[in-house]
Engineer: 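Please see the structure below; I have some questions.
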Amino acid sequence: VAASAPTKARRGDTKSGGTLAMAIGPVRGRIASTFKDPAGRWTSITFRRYHLPNLTVISTYQVVDVDPTKVGPGTNANLLNAYYHDRGIDNPKELRKHHANDLVKFVRECQRQGDAIIVAGDLNEVLGETTGGLTRLISECGLYDVVAHKHMATEFTTYQRGHRVMDYCLVDEGLLPAVLGCGYDPF
């Protein structure tokens, strides 16, 4: 199990965010490494594969697009703002920009090591609405939206009270033939 949460999270915070990646059963013996983002934005597990490059699976959560100074003190947005501020990071309120920059950097580093990549997460963003964030991750890292690729569908929702896709599973092109089935149930 690899789990991460914002370093500023306090006992009793009810919305402090965080991510989890878990391997169960025989696949545990293939774990080469795990990673926990210190800001709690993603976790990853890298698996060894027979006669193939390692596979890094990343579980990520990107906060909704809010002003972190106008939300509660225990929210993920507020905690991330404090995390960036404490480290002297420019424009700490640009939570989503920092998430995208750092995740692209992390994925690119994994790819430089030869790893195949899966990124799955609650990204709270619609693909193509901006040139940054999710769109940047896909274009700069050569990732594909599995559901859109497999089903040629983009008109569905991943959130029961919403009307758009906000959650994604993205993979390297080389992994697409291995996808036998996929889909989403709205949460």
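Numbers here are sequence positions counted from 1.
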Engineer: Is there a donor-acceptor pair closer than 3.5 Å between any side-chain N or O of Arg41 and the backbone N or O of Leu80?
Structural biologist: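 No; zero donor-acceptor contacts below 3.5 Å.
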Engineer: Could you list all the salt bridge (charged side-chain N to carboxylate O under 4.0 Å, His left out) pairs where at least one residue sits in residues 51-64, not counting sequence neighbours?
Structural biologist: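 Sorted result for residues 51-64: empty, none.
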Engineer: Taking salt bridge (charged side-chain N to carboxylate O under 4.0 Å, His left out) as the definition, give me every residue that meets it alongside Glu109, ordered by chain and number, with sequence neighbours left out.
Structural biologist: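 Arg112.
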Engineer: Is Ile45 close to Thr56 at the side-chain level, that is, under 4.5 Å between some pair of heavy atoms?
Structural biologist: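 Thr56 vs Ile45: side chains apart.
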Engineer: State, with a plain yes or no, whether a side-chain heavy atom of Val63 is found less than 4.5 Å away from one of Tyr61.
Structural biologist: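 Yes. Closest side-chain heavy atoms under 4.5 Å.
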Engineer: What I want to check is whether the side chains of Arg96 and Asn124 have a donor and an acceptor closer together than 3.5 Å.
Structural biologist: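 Distance-only check fails for Arg96 and Asn124.
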Engineer: Any side-chain to backbone donor/acceptor pair from Thr46 onto Leu55? Under 3.5 Å, distance only.
Structural biologist: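 Between the backbone of Leu55 and the side chain of Thr46 there is no qualifying donor-acceptor contact (under 3.5 Å).
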Engineer: Do you know the tightest heavy-atom contact between Ala116 and Asp172?
Structural biologist: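 Result for this residue pair: CA-OD2, 3.0 Å.
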Engineer: Got Gln111 and Leu143 here, is their nearest side-chain heavy-atom distance under 4.5 Å?
Structural biologist: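 The answer is yes; the side chains approach within 4.5 Å.
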Engineer: Partners of Phe106 by ring pair (Phe, Tyr, Trp, His ring centres under 6.0 Å), sequence neighbours excluded?
Structural biologist: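 Ring pair (Phe, Tyr, Trp, His ring centres under 6.0 Å) list for Phe106, sorted by chain: Phe35, Trp42.
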Engineer: Is the backbone N or O of Thr135 less than 3.5 Å from a side-chain atom of Ser139, with the two atoms forming a donor-acceptor pair by type?
Structural biologist: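 Present.
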Engineer: Any side-chain heavy atom of Cys169 within less than 4.5 Å of one from Val119?
Structural biologist: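 Not touching, per the 4.5 Å side-chain cut-off.
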Engineer: Got a donor-acceptor contact below 3.5 angstrom from the Asp145 side chain to the Val147 backbone?
Structural biologist: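 Answer holds: yes.
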Engineer: Can you run down the ring-ring contact (aromatic ring centres under 6.0 Å, His included) pairs that involve residues 115-140, sequence neighbours left out, and say none if there aren't any?
Structural biologist: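 Counting only pairs at least two positions apart or across chains, no ring-ring contact (aromatic ring centres under 6.0 Å, His included) contact touches residues 115-140.
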Engineer: Quick one: does any side-chain atom of His99 pair with a main-chain N or O of Glu94 as donor and acceptor, under 3.5 Å?
Structural biologist: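 Not a single qualifying donor-acceptor pair exists.
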Engineer: Given side chains that start at C-beta, do those of Leu170 and Tyr144 come closer than 4.5 Å, heavy atoms only?
Structural biologist: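 Contact flag for Leu170/Tyr144 side chains = no.
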Engineer: Please list, chain by chain and in numerical order, all residues satisfying side chain to side chain contact (heavy atoms under 4.5 Å, CB included) with Asp67, sequence neighbours excluded.
Structural biologist: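 With neighbours one apart ignored, the set is Thr69, Lys70, Lys93.
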Engineer: Tell me the side chain to side chain donor-acceptor pair (under 3.5 Å) pairs involving residues 20-35, sequence neighbours left out?
Structural biologist: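 As it turns out, the side chain to side chain donor-acceptor pair (under 3.5 Å) pairs with a partner in residues 20-35, which skip direct neighbours, are Arg30-Tyr50.
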Engineer: With distance as the sole test, does Arg108 use its side chain to make a donor-acceptor pair with the main-chain N or O of Cys141 at under 3.5 Å?
Structural biologist: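 It does not hold such a pair.
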Engineer: Looking at Thr19, Asp37, Thr60, Thr43, which one forms a side-chain hydrogen bond (donor to acceptor under 3.5 Å, both in side chains) with Ser4?
Structural biologist: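 With Ser4 as partner, side-chain hydrogen bond (donor to acceptor under 3.5 Å, both in side chains) holds for just one option, Thr19.
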Engineer: Kindly indicate whether the side chain of Val146, heavy atoms from C-beta on, has any atom under 4.5 Å from the side chain of Tyr168.
Structural biologist: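 No, side chains not in contact.
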Engineer: Compare all side-chain heavy atoms of Thr131 with those of Arg136 and state whether any distance is below 4.5 angstrom.
Structural biologist: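 Sidechains of Arg136 and Thr131: no contact.
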